[in-house]
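Everything quoted here is computed from the prediction, not taken from an experiment. Chain letters run A, B, ... following the sequence lines, proteins first and then strands; every chain starts at 1.
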Amino acid sequence: MKIAAWNVNSLKVRLPQLLEWLEASKPDLVCLQETKLEDHNFPRQEIESSGYQVAFSGQKTYNGVALLARETPTDIVCGNPHFPDEQKRLIAATVGGIRVVCAYVPNGQAVGSDKYAYKLAWLDALAPWLGEQLASNPQLVLAGDFNIAPEDRDVHNPVAWADQILCSAPERAAFQRLLGLGMKDSFRLFEQPEKSFSWWDYRMLGFQKNQGLRIDHILLSEPLAARCTAAAIDREMRKRERPSDHAPVTATLDGKCPP
DNA sequence: ATGGTAGCCGCGCTA
């Protein structure tokens, strides 16, 4: 079973690339962020024709999340019940016995800003809700754009980024708190190339110079981490013309169900 | 030196 997360930065613009990528990569479960579409404009037909069922929660211009799955998603929940939020950043569903949470964590703009406070509050509310999800289904995935580079090795220039947005200690502490619930960063279950990143700024030739950060993650609960056989970042889509600024990230689980 | 690009909607905001 292959799980993926991809911030597409406008599903309208990236739909042709998404359909190509689904065909080529054959993921079983996909978490999309920044769809930037109202629900009545969601390209349901096109995606269903590619063999996926969908659940989505979107809005105009900003944010928006979606789940794509080979099997039928059930028990769909939009948003965190403990954190009333106009912004469409969270959708959860159960797929083949696995509980999946697709998240688009706020960017935070700048340390100390109002948006930074909102980001930390959003993350503060995420942890207890995730704990509840974990208690009701121990097979849990949390995947998406976390807008957090967990460690210095996830940053192209840790000195320049020290204490900056995406790297500050409170953001990293919030990430560690999620791990503290028993979630594992699937990417770090395996040996990985140095300077592995998932996002590169469109400006200043960021991708060409590999000046990126690893801010997109797939976290797995322990029973799923035990089944994880591979994790990777698919840089190929970032090389395309008119790419998203994020690359898809993937985690593969073996077929066996835990006892 | 506070730049640059992309997507959105509309001439600014967010990332």
Side-chain angles (χ1 to χ4, degrees), chain A residues 5-21 31-43 46-47 56-66 79 85-91 102-123 126 143-150 154-168 170-172 174-175 197-217 233-249:
Chain A
W6 191 12
N7 179 323
V8 291
N9 186 18
S10 169
L11 184 52
K12 182 183 174 186
V13 172
R14 230 64 66 192
L15 181 62
Q17 288 185 27
L18 173 66
L19 297 179
E20 273 184 60
W21 179 75
C31 298
L32 300 179
Q33 301 82 42
E34 283 206 270
T35 55
K36 299 186 175 180
L37 285 170
E38 290 180 288
D39 289 346
H40 66 270
N41 289 325
F42 193 89
E46 291 89 333
I47 292 173
F56 46 84
S57 176
Q59 67 187 90
K60 191 161 58 169
T61 310
Y62 303 119
N63 311 314
V65 285
D85 191 359
E86 308 262 299
Q87 304 188 20
K88 306 298 189 187
R89 297 181 173 276
L90 200 61
I91 187 167
C102 169
Y104 176 46
V105 177
N107 172 283
Q109 200 167 63
V111 172
S113 67
D114 289 352
K115 291 190 177 67
Y116 183 72
Y118 164 69
K119 177 180 196 171
L120 295 182
W122 196 95
L123 286 163
L126 176 63
D145 178 358
F146 286 65
N147 272 312
I148 300 170
D154 301 310
V155 181
H156 70 92
N157 184 346
V159 172
W161 280 85
D163 302 314
Q164 300 300 304
I165 195 65
L166 314 182
C167 301
S168 73
E171 293 167 84
R172 286 179 169 178
F175 188 84
F197 307 127
S198 67
W199 167 82
W200 302 260
D201 200 305
Y202 283 124
R203 299 166 288 188
M204 309 296 284
L205 300 172
F207 182 65
Q208 290 87 331
K209 296 192 274 195
N210 197 32
Q211 293 179 348
L213 281 74
R214 193 176 70 91
I215 58 175
D216 301 272
H217 309 295
I233 301 172
D234 183 358
R235 293 167 51 96
E236 291 309 304
M237 298 310 289
R238 189 64 176 78
K239 299 175 183 170
R240 295 292 192 93
E241 275 189 48
R242 225 180 166 192
S244 167
D245 46 350
H246 296 252
V249 300

Requested in this report: Map A:Y104 and A:R203 onto DNA chain B by nearest heavy atom, then report which one ends up closer to the 5' terminus.
Outcome: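 Taking each residue's closest nucleotide, the earlier one in sequence belongs to A:R203.
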Query - Toward the 5' end of DNA chain B, by each residue's nearest nucleotide, A:N147 or A:K36 - result: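 Residue closer to the 5' terminus by nearest nucleotide: A:K36.
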Looking at [X], does any N or O in its side chain come under 4.0 Å of the phosphate oxygens OP1/OP2 on [N]?
{"X": "A:R14", "N": "B:dG7", "result": "yes"}
{"X": "A:K115", "N": "B:dT14", "result": "yes"}
{"X": "A:R242", "N": "B:dG7", "result": "yes"}

Query - Parallel, tilted or perpendicular, as decided by the 30° and 60° cut-offs, for the rings of A:W161 and A:H156 - result: perpendicular
Quick one: [X] [atom1] to [N] [atom2], roughly how many Å, whole number?
{"X": "A:W200", "N": "B:dA15", "atom1": "CH2", "atom2": "C1'", "result": "16 Å"}
{"X": "A:L213", "N": "B:dA15", "atom1": "CG", "atom2": "P", "result": "16 Å"}
{"X": "A:L11", "N": "B:dC8", "atom1": "CG", "atom2": "P", "result": "10 Å"}
{"X": "A:K60", "N": "B:dT14", "atom1": "NZ", "atom2": "P", "result": "15 Å"}
{"X": "A:R240", "N": "B:dA6", "atom1": "CZ", "atom2": "P", "result": "17 Å"}
{"X": "A:Q211", "N": "B:dG4", "atom1": "CD", "atom2": "C1'", "result": "12 Å"}
{"X": "A:E34", "N": "B:dA15", "atom1": "CD", "atom2": "C1'", "result": "6 Å"}
{"X": "A:N9", "N": "B:dT14", "atom1": "CG", "atom2": "P", "result": "15 Å"}

When the [atom1] atoms of [N] and [M] are considered, how many whole Å apart are they?
{"N": "B:dC11", "M": "B:dA1", "atom1": "C1'", "value": "26 Å"}
{"N": "B:dG3", "M": "B:dG12", "atom1": "P", "value": "15 Å"}
{"N": "B:dG10", "M": "B:dG4", "atom1": "C1'", "value": "22 Å"}
{"N": "B:dG7", "M": "B:dT2", "atom1": "C1'", "value": "22 Å"}

Report summary line: From the list A:D145, A:N9, A:N147, A:D216, side chain to side chain contact (heavy atoms under 4.5 Å, CB included) with A:W199 holds only for A:D216
Which of the following nucleotides, [options], is nearest to the side chain of [X]?
{"X": "A:T61", "options": "B:dC9, B:dT14, B:dG7", "answer": "B:dC9"}
{"X": "A:S10", "options": "B:dT14, B:dC9, B:dG7", "answer": "B:dG7"}
{"X": "A:R89", "options": "B:dC8, B:dA15, B:dG4", "answer": "B:dA15"}
{"X": "A:V13", "options": "B:dG4, B:dA6, B:dC8", "answer": "B:dC8"}

Query raised in the report: Just how far is it from atom CD of A:Q33 to atom CG of A:L90, taken to the nearest 0.5 Å?
Result: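 CG of A:L90 is found 10.5 Å from CD of A:Q33.
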Query raised in the report: How many angstroms lie between CG in A:D163 and CD in A:E171, if you round to the nearest 0.5 Å?
Result: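 The CD atom of A:E171 is 10.0 Å from CG of A:D163, to the nearest 0.5 Å.
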Report task. Kindly check if the number of other-residue, nucleotide or ligand heavy atoms within 6.0 Å of NZ (A:K36) is above 12? Result -> yes
Requested in this report: Answer yes or no: does atom CD of A:Q208 have more than 12 heavy-atom neighbours from other residues, nucleotides or ligands under 6.0 Å?
Outcome: yes
